[in-house]
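All chains are named by letter (A, B, ...) in the order of the sequence lines, taking the proteins before the strands, and each is independently numbered beginning at 1. These numbers come from a predicted model, not from an experiment.
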Amino acid sequence: MECAGRKGISPEPDTDPVIQIASVVQRQGETEPFIRTVFTLQSCASINGSQVLCFSQEAQLLQSWAEFVRTVDPDIITGYNVQNFDLPYLLNRAAVLKVDLFPYLGRVRGIRSVLRDSSFQSKQMGRRENKRINAEGRVHFDLFQVLLRNYKLRSYTLSAVSFHFLQEHKDTMQPFVITDLQSGNEQTRRRVAMLCLKDAWLPLRLLQKLMCVINYMEMARVTGVPLSYLLSRGQQVKVVSQLLRQAAKKGFVMPVVKMEGGEDYSGGTVIEPEKGYYNVPITILDFSSLYPSIMMAHNLCYTTLLKKGSAEKLGLSAEQFIKTPTGDYFVKSSVRKGLLPEILESLLSARTRAKAELKKETDPFKKQVLDGRQLALKMSANSVYGFTGAQVGKLPCLEISQSVTGFGRQMIEKTKQLVESKYTISNGYQADSKVIYGDTDSVMVKLGVSTVREAMEMGRGAAAWVSTYFTPPIKLEFEKVYYPYLLINKKRYAGLHYSSRPDTYDKMECKGIETVRRDNCPLVANLINSCLQKILINSDCGHPALSVPQGPPGAVEHAKEVISDLLCNRIDISQLVITKELTRNAQEYAGKQAHVELAERMRKRDAGSAPQLGDRVPYVIIQAAKGPPLI
DNA sequence: GGAACGTCCTAT
DNA sequence: TAAGATAGGACGTTCC
Ligand SMILES: Nc1ccn([C@H]2C[C@H](O)[C@@H](COP(=O)(O)OP(=O)(O)OP(=O)(O)O)O2)c(=O)n1
């Protein structure tokens, strides 16, 4: 939708007219849209391949578009931020113009579409305020919301997103230019219409390219929630839905439990890293789906938990139940199989299917998409564990979650000991092995071998051997080899990743370092990335014929060059843009922060265009705390 | 000037 | 069914 706003002020439905609405309609699975229509206020020259419908009255335009929606009768409505901007604007504008037949956009006749505020809040996703318009029988599937939930990007503007996924630069028009073109002639309005159609089609293309509908349908089926919940609700509703599905099969009902927000409980162990640069292969072993597999192996569930003393009361023998590291008791599956393990089996089998498809795929972009799908299913499985520990949730059970993390802590410790005790000189190996780092479910081992091939072979052997010490389906896997490996700190490292072949690395992998963080500027991320490349990739080939030094000296030189470019003003300002999320309202912050101050100043200038809760605020630092301006 | 704290964002 | 979990580094501000 385009409207004719006034310069410097964000558009208001009370005063600023809707001048165009473009709609592009496509059947899921087909590659081309079968309807391209633009509704324009005033005449508009024709556009090849599109239907142009001109109206002299804005009210007619709106009414006609609503009828169009009812006639086309779509299952899914998408767009870019249409949920929070376009549709509310249209609804409000229609009310101002008294277009009484407009707000019936659903499939059920006579149910009026109304605008509501809704807000979503969770620890991991922060707080977001959204609008919601009901359209019974249709699903609002706003691409913006999909991207916010599934992709961590520096910027979520349609133009940034379009460049990121399609490598296309989106044409944009300043709002006041649109207003000027509207008051021109049928040719200038055609320019607006062309853009409007393009902007309507773009989200559809992205939705298709990212396979959003397919992946979300799978998630909806696996977890048993409506498609719309996946964009408007959190993880809890998915777990509850699966719990109810399993419970119903067994004739159980779910109790209502209220719980005061209590103390946090302890989670996974992060092994103290032996920081440093390793120019030898480092083997990484990692439990596959650790927490879910713990819950399955030990049959941890609400329905298998024994309260203190009930083992005796029920006359259970010692082989019929287990004691967890936290001192809680659960019956074995021979007595009663838990619901959670069954849910996890089904989620993990969906993940296994997704991983199999991922393996078959050769197109790199589709591979990424399928990896996202696989990770979403892993997330759902881990959320089953998270759900039991969610103290502001519907059915918290810390006995389960604490037992899970307790087992996890024991397991990583045991794995470290096993590996270090077997791979020793006294057992006939080349060197005494050492676990140099590990996080929750993984150990990074220096086995003392010099080739990637050996590191892989020994890794596979070690993983299989350690696995025998644990109850299935718990399984330690050889995951990859890093060579070389730069271990900077807990949760911060980089290395060249070998897993498919021992002779060539697959990629450089960076964890936790600036290069993968969105809260610093691209200049820093790129600089550190190229320094790491010099350090890791060209570590020992400081070829004298090369004019550019590699390895650490090359990295230092490169950093100096970039700093001097920066001081000499040879860096484009776009490289200096930092973005940070606005996670709460200005007055709720305890300390001063640049992006918060900026957002507040913008709000005072024009509240409509200022960053909202949950938006990322882009800014450039132009002056040091003390001293002269930098630019 | 340094410890404590708040915030952001990531790893698992 | 409103809202998965904890661990932890880096950096800026506030407090003393
Ligand atoms: N979003 C996440 C990621 C992880 N974990 C916990 C549960 C996992 O079992 C454990 C290890 O996480 P990994 O990232 O290593 O992933 P998994 O072991 O679950 O899966 P994979 O098979 O990919 O290793 O950490 C979690 O609770 N929530």
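Nearest to the side-chain atoms of A:N489 among the listed nucleotides C:dG9, C:dG4, C:dT14 stands C:dG9. Of the listed nucleotides (B:dT10, B:dC8, B:dA11), B:dA11 has the atom at the smallest distance from the side chain of A:K491. Of the candidates B:dC9, C:dT6, B:dC8, C:dT6 carries the atom nearest the A:D264 side chain, counting heavy atoms from C-beta on. Comparing atom distances between the A:S383 side chain and each of C:dG9, C:dA2, C:dG4 picks out C:dG4 as nearest. When the nucleotides B:dT7, C:dA10, C:dA3 are ranked by their closest atom to the side chain of A:R492, C:dA10 comes out on top. For A:H595, counting side-chain heavy atoms from C-beta on, the closest listed nucleotide (C:dA3, C:dG9, B:dC8) is B:dC8. Across B:dC8, C:dT6, B:dT10, the shortest atom-to-atom separation from the side chain of A:V516 is found for B:dT10. Considering only side-chain atoms of A:K490, the nucleotide from C:dA5, C:dA3, C:dG9 that sits closest is C:dG9. The listed nucleotides are C:dA10, B:dG6, C:dA3; the one nearest the side chain of A:A590 is B:dG6. Out of C:dG4, C:dT6, B:dA11, the shortest distance to the side chain of A:A390 is found at C:dG4.
Across all strands, A:S232 comes closer than 4.0 Å to no nucleic acid atom at all (heavy-atom distances). In this structure, A:Y291 reaches neither bases nor backbone, as no heavy-atom distance under 4.0 Å exists between it and the strands shown. Residue A:Y493 is in sugar-phosphate contact alone, with no base atom involved, counting any heavy-atom pair closer than 4.0 Å across all strands shown. As judged by a 4.0 angstrom heavy-atom cut-off over every strand, A:R584 is placed among residues touching the sugar-phosphate backbone only. The residue A:G267 sits close only to the backbone: its heavy atoms come under 4.0 Å of sugar-phosphate atoms, none of a base. Within the 4.0 angstrom heavy-atom criterion, base atoms lie near A:Q124. The residue A:V392 sits close to a base: some heavy atom pair falls under 4.0 Å. Residue-level contact check: A:T583 touches the backbone only, with heavy atoms under 4.0 Å from sugar-phosphate atoms and none from bases. Counting non-hydrogen atoms under 4.0 angstrom, A:T269 reaches nothing in the nucleic acid.
Put simply, A:S122 has no side-chain N or O that comes within less than 4.0 Å of OP1 or OP2 on C:dA2. In this structure, A:R616 reaches the B:dC9 phosphate: one of its side-chain N or O atoms is under 4.0 Å from OP1 or OP2. Remark: A:R518 is not in phosphate contact with B:dC8, judged by side-chain N or O atoms under 4.0 Å from OP1 or OP2. The shortest distance between the side-chain N/O atoms of A:K511 and the OP1/OP2 oxygens of B:dT12 is below 4.0 Å. Between A:K152 and B:dT10, a side-chain N or O to OP1/OP2 separation shorter than 4.0 Å is present. The phosphate of B:dC9 has neither OP1 nor OP2 within less than 4.0 Å of any side-chain N or O from A:R154.
C:dG8 atom C1' lies 14 Å from atom CG of A:D519, rounded to whole Å. Rounding to whole angstrom units, NZ of residue A:K592 and P of B:dC5 are separated by 21 Å. Rounded to an integer number of Å, the gap from OH of A:Y589 to P of B:dT7 is 8 Å. Taking atom CE of residue A:M125 and atom P of nucleotide B:dT10, one finds them 14 Å apart after rounding to whole Å. Residue A:L476 contributes atom CG, which lies 15 Å from atom P of B:dT12 at whole-angstrom precision. If you measure from atom CZ of A:R149 to atom C1' of C:dG4, you get 13 Å, rounded to the nearest angstrom. In this entry the distance linking CD of A:E581 with P of B:dT10 reads 10 Å, nearest Å. Residue A:F387 contributes atom CZ, which lies 9 Å from atom P of C:dG4 at whole-angstrom precision.
The cationic atom of A:R616 (NZ for Lys, CZ for Arg) does not lie both less than 6.0 Å from the six-membered ring centre of A:Y156 and within 45° of the ring axis. In this structure, A:R149 forms a cation-pi arrangement with A:F120, its terminal cationic atom sitting closer than 6.0 Å to the ring centre and no more than 45° off the ring axis.
A:N215 and A:E218 share no donor-acceptor pair across their side chains, judged by distance under 3.5 Å alone. Between the side chains of A:T515 and A:N529, not a single donor N or O lies within less than 3.5 Å of an accepting N or O.
Other residues, nucleotides and ligands contribute over 12 non-hydrogen atoms within 6.0 Å of the NZ atom of A:K580. No more than 12 heavy atoms of other residues, nucleotides or ligands sit less than 6.0 Å from atom NZ of A:K475.
Taking the nucleotide of DNA chain C with the nearest heavy atom to each of A:G268 and A:K394, the more 5' of the two is matched to A:K394.
The pair A:K337-A:E345 counts as a salt bridge, with a side-chain nitrogen and a carboxylate oxygen less than 4.0 angstrom apart. Contact check on A:D328 versus A:K323 returns no salt bridge, with no Lys/Arg side-chain nitrogen under 4.0 Å from an Asp/Glu carboxylate oxygen.
Look at the C1' atom in both B:dT12 and C:dG4: the space between them is 14 Å, to the nearest Å.
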